[in-house]
Structures are given as structure tokens and as C-alpha cells.
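Structure first, commentary second.
Indexing begins at 1, ligand by ligand and atom by atom, following the structure's order. Remember, it's a predicted structure, so these values are computed and weren't measured experimentally.
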Amino acid sequence: MWNSPKVGILGGGQLGRMLVESCNRLNIQANVLDAENSPAKQISFHDGHVTGSFKEREAVRQLAKSCDVMTAEIEHVDTYALEEVASEVRVEPSWQAIRTIQNKFNQKEHLRKYGIPMADHRELVENTPEELAQVGEQLGYPMMLKSKTMAYDGRGNFRVNSKADIPEALETLKDRPLYAEKWAYFKMELAVMVIKTKDEVLSYPTVETVQEDSICKLVYAPARNVPEAINKEAQALARKAVSAFEGKGAFGVEMFLLEDNSLMLCELASRIHNSGHYTIEGCALSQFDSHIRAIMDLPIPAKSLEIRQPSVMLNIIGGATPDSHLKAAEHALSIPNASIHLYSKGAAKPGRKMGHITVTAATMHEAETMIQPLVDVVDEMRA
Ligand code: ATP
Ligand code: MG
Ligand code: MG
């Protein structure tokens with residue numbers, strides 16, 4: 001058996017919490033850096049946690065002292081602190097990878113060198129209406145104005161339908177570093193979880209993601225009605241993109257499937273990812289299990305990343321009332337094959353991810369049929 005090293009995790013939200021669940025089953029101590037009583041800390045009782053923020057230099061230093069390998073559940077961390085501690089503790093994936101990826105524009109400039117297909121894009125320097133109008137002429141409308149940094153769940157994106165939208169778009173985003181992307185006319189969004197180990201780049205099968213208001217709502221694993229050739233091609237593209245970065249662990253790769261069946265990268269994340277939650281029930285090794293194994297150089301049989309049963313994952317997002325997510329979970333209790341994950345984040349806010357439900361079944365049709373009543377309940381709560 002391995003000599004259990006301690007894993008330090010920057011961030012104790014739901015992704016950290018699910019990483020801790022994987023650590024717990026292997027008797028691995030996970031030291032979490034985040035606020036007191038954050039979701040990940042609630043399920044892990046020991047004195048190795050650090051109170052503070054993954055954006056504070058001193059807190060990252062303190063975490064580094066208490067663990068052998070460090071990782072992050074989020075890309076928006078202080079990578080200068082990680083760079084500093086990398087001489088005393090292993091950081092996985094590398095601080096360089098996280099630094100490049102956390103800035104979506106830099107991420108894309110980097111991936112361009114590796115021939116990864118992406119929507120054409122332009123950097124904004126002045127964030128003025130004149131500059132954006134010029135970019136609009138180059139990229140055409142609609143285009144997506146995006147914050148380079150601190151973007152998640154679509155907070156940082158603004159769809160610019162025409163020149164007339166420019167003032168509102170800039171009103172919303174002008175204080176952030178920006179770039180704009182040509183509109184991608186996709187027929188479907190796909191995602192692949194990639195696991196980078198010390199000597200291999202492995203991938204889970206291709207899944208289909210459905211975004212509502214730019215927030216992931218549903219994941220179908222495997223992607224519905226997608227030929228095996230595209231499933232394989234998407235996995236290959238995802239592995240190629242992740243290979244452009246140094247370090248071990250899970251990476252989430254989001255892609256667009258265009259009308260002509262070609263693929264384009266949307267973005268990638270240097271961490272476990274919402275599109276991979278289905279792996280907890282759908283695969284022998286979850287993305288969280290694989291991440292921990294990858295950063296600790298433990299074996300990951302490729303077969304354990306295959307989908308055992310078709311799965312549908314539904315996010316439970318905060319609704320109009322503080323307890324609407326609980327009502328959704330309560331409803332899920334009566335759905336056959338439904339696994340409920342609540343994140344214990346406290347009060348719900350509209351748009352906040354509060355939990356998720358995964359239904360597995362012998363066929364995708366059966367899984368879809370079983371989860372549909374819950375999708376209806378969630379839609380009703382949001383309406
Ligand atoms: P995440 O929560 O995945 O980190 P994010 O805030 O970083 O999201 P993106 O992944 O860039 O944002 O975009 C969110 C969604 O917006 C995409 O999944 C897609 O539905 C839509 N979108 C993004 N870029 C484009 C584009 N160029 N053309 C069309 N739709 C787009
Ligand atoms: Mg993102
Ligand atoms: Mg995204």
C-alpha cells in the first residue's frame with residue numbers, strides 16, 4: 001500500500017467536497033484551504049485544514065507546509081503563491097498550466113500554437129465602444145464578449161447581437177479584461193474529462209452538455225445520437241488540448257459540435273468539472289477518484305473510465321426561493337435510480353449550484369424517462 005501522503009486542496013466548494021469523498025475512501029488526508037465550515041471541510045474532521053482564501057499568499061504558504069502534494073478545485077487561485085511553494089511541495093497540475101488556463105484569452109493563444117480549432121477571437125485593449133464596434137465588423141454579429149479572467153457559469157459573457165448592444169455589453173463588462181469571440185453555430189455542446197498521469201493522457205467518453213443562460217443544466221453520458229467516430233474524435237481533440245499543459249490531474253474540456261460535424265474547443269478547465277459529475281455513478285472510477293490517483297501516481301486502469309450505464313446528470317441550481325433546491329432534492333427521493341448530491345452551501349441564491357442528481361439506467365431512453373419529471377419540477381421552479 002502507498003505511504004499515504006497528505007493532499008492539499010485549494011478551495012472547499014462542491015468540487016473540493018467530492019474530492020474529499022474520494023480521499024476518504026482511500027484513507028488519504030485532504031487538507032482544505034477555504035473558509036471555516038466550507039462544504040469540503042464539513043465532511044473531513046482533522047486539524048490539517050487551513051482557514052483563509054486560495055487567493056491569499058500567506059494561506060497558500062501555510063497549506064503547503066501541511067501537505068505533500070497540492071491541487072486546486074478552481075482555477076482562479078493565486079498562481080504566484082503556487083509558483084513560490086512549488087520548490088517545497090508538488091503542485092498538480094503545474095502552476096504554469098493553471099496560470100495560462102485561468103486567463104481564457106491566454107489559454108486560447110496558447111492552444112492556437114498546438115493547432116486546436118477554436119472560434120476566431122480578438123483581444124480588446126481599451127474597452128471602448130469604438131474598439132468593440134471595430135471588432136464587431138471583423139467578427140460579425142452576433143459575437144460573444146467575454147471576460148478573460150474570473151469567468152464561470154457564464155458570468156463574464158455577454159452576447160452582442162448587433163452594434164446596438166455595444167453600450168449595454170460594455171456597461172456590464174468594461175471594468176474587466178476583455179476579448180470577443182465569433183459566434184459558434186453549434187448543434188450540440190460536448191465535453192470530455194481528461195486525466196493526465198505521469199506518463200499517459202487518458203480520457204472519459206464524450207458527453208453532451210446542455211447550458212441554460214450559460215450555466216450547465218444537463219449532462220448526457222454518453223452524448224446522445226453522436227456517432228462513435230465523433231465520440232472518438234472529441235476525445236482525441238480533448239487529449240491533444242490537455243497535452244499542451246504541464247502537470248497531472250483531471251482537466252475538463254468543453255467543445256462545440258458544429259453543423260458540419262466538425263469540432264471546436266469552447267474552453268478547458270485545469271480541474272475536475274461539472275460535466276464529469278456523472279462519473280460518480282456512471283463509471284468505476286469517478287473523475288474525483290482519477291484526479292487523486294493521477295496526482296499521487298497511483299494506477300488508473302483505462303477500462304475504469306468507461307461508462308458502465310448511460311447516465312443523465314441534472315444540476316440543482318438555486319431558484320427564486322431559498323429552499324427551492326431542497327424541494328427538488330425531495331422530489332428526487334422518489335425517482336428510481338436517482339443519486340442525490342447536495343453540497344451544503346447554506347442559503348441558495350439564484351444561479352448558484354446547490355447540488356446535482358444523477359440517474360443511471362440500462363438505456364439512455366430509460367434514464368431520460370426517469371429523470372424527466374424532475375427536470376419539469378426544476379423548470380417550474382425557475383419559471
Ligand atoms: P464555465 O462555467 O463552463 O466555466 P464560462 O463562464 O467560462 O463557463 P464559457 O464556457 O466560455 O463560459 O461559455 C458558456 C456558454 O456560453 C457555453 O457553454 C456556450 O453555451 C456559450 N458560448 C460561449 N462561447 C460561445 C461562442 N463563441 N458562440 C456561441 N456560444 C458560446
Ligand atoms: Mg469557464
Ligand atoms: Mg464553459
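Of all heavy-atom pairs spanning Val135 and Arg122, the tightest one is CG1-CB, 3.9 Å.
Here the shortest heavy-atom distance to atom 20 (O) of ligand 1, taken over Glu181, Glu189, Lys104, belongs to Glu189.
For ligand 1, the polar-atom distance check finds an N/O of Ala184 within less than 3.5 Å of one of the ligand's N/O atoms. Residue-to-ligand polar distances place Gly154 within reach of ligand 1: an N/O pair is separated by less than 3.5 Å. No N or O atom of His273 sits closer than 3.5 Å to an N or O atom of ligand 1. Ligand 1 has no nitrogen or oxygen under 3.5 angstrom from a nitrogen or oxygen of Lys353.
Figure legend: cation-pi geometry between Lys148 and Phe105, with NZ or CZ positioned under 6.0 Å from the six-membered ring centre and within 45° of its axis. Because its NZ or CZ atom is both nearer than 6.0 Å to the ring centre of Tyr80 and within 45° of the ring axis, Arg99 counts as a cation-pi partner of that residue.
Under a 4.0 Å heavy-atom criterion, Tyr185 is not in contact with ligand 1. The shell of residues lying under 4.0 angstrom from ligand 1, judged by heavy atoms, includes Lys182.
Protein heavy atom closest to atom 16 (O) of ligand 1, with residue, atom name and distance, is Ser214 OG, 3.4 Å. Considering only non-hydrogen protein atoms, atom 24 (N) of ligand 1 sits nearest to Lys146 NZ, 2.9 Å. The closest protein non-hydrogen atom to atom 14 (C) of ligand 1 is Asn157 ND2, 3.5 Å. Taking atom 4 (O) of ligand 1 as the reference point, the nearest protein heavy-atom neighbour is Glu267 OE2, 2.9 Å. Scanning the protein for heavy atoms near atom 2 (O) of ligand 1, the closest one is Asp153 N, 2.6 Å. Closest to atom 21 (C) of ligand 1 among all protein heavy atoms lies Met144 CE, 3.8 Å.
Ligand-side atoms of ligand 1 in range of Tyr152: 2 (O), 4 (O), 6 (O), range being under 4.0 angstrom from any heavy atom. Residue-ligand proximity, Phe186 to ligand 1, at heavy-atom distances under 4.0 Å covers atoms 20 (O), 29 (C), 30 (N).
The part of Cys266 lying near ligand 1 is the side chain, judged by heavy-atom distances below 4.0 Å. Here Ile215 has no heavy atoms under 4.0 Å from ligand 1, in either its backbone or its side chain.
When distances from the Mg ion (ligand 3) to the N, O or S atoms of Glu267 are compared, OE2 comes out shortest. Looking at Glu254, its N, O or S atom nearest to the Mg ion (ligand 3) turns out to be OE1.
Judged purely by atom type and a 3.5 angstrom limit, Thr279 has no side-chain atom pairing as donor or acceptor with the backbone of Gly282.
Under a 4.0 Å N-O distance rule, the pair Lys327/Asp323 qualifies as a salt bridge. Contact check on Glu109 versus Arg112 returns a salt bridge, with a Lys/Arg side-chain nitrogen under 4.0 Å from an Asp/Glu carboxylate oxygen. Ion pairing between a basic and an acidic side chain is recognised when a charged N comes within 4.0 Å of a carboxylate O; Arg271 and Glu73 show no such pairing. Between Arg352 and Asp153 no salt bridge is recorded (no basic side-chain N to carboxylate O distance below 4.0 Å).
Taken to the nearest 0.5 Å, the CD atom of Glu368 stands 7.5 Å off from the NE2 atom of His365. Atoms CD1 and OH, from Ile215 and Tyr152 in turn, are 9.0 Å apart once rounded to the nearest 0.5 Å.
Taking the six-membered ring where the residue is Trp, the centroids of His110 and Phe245 are separated by under 6.0 Å.
Within the 4.5 Å cutoff, the side chain of Pro117 has heavy atoms near those of the Leu237 side chain.
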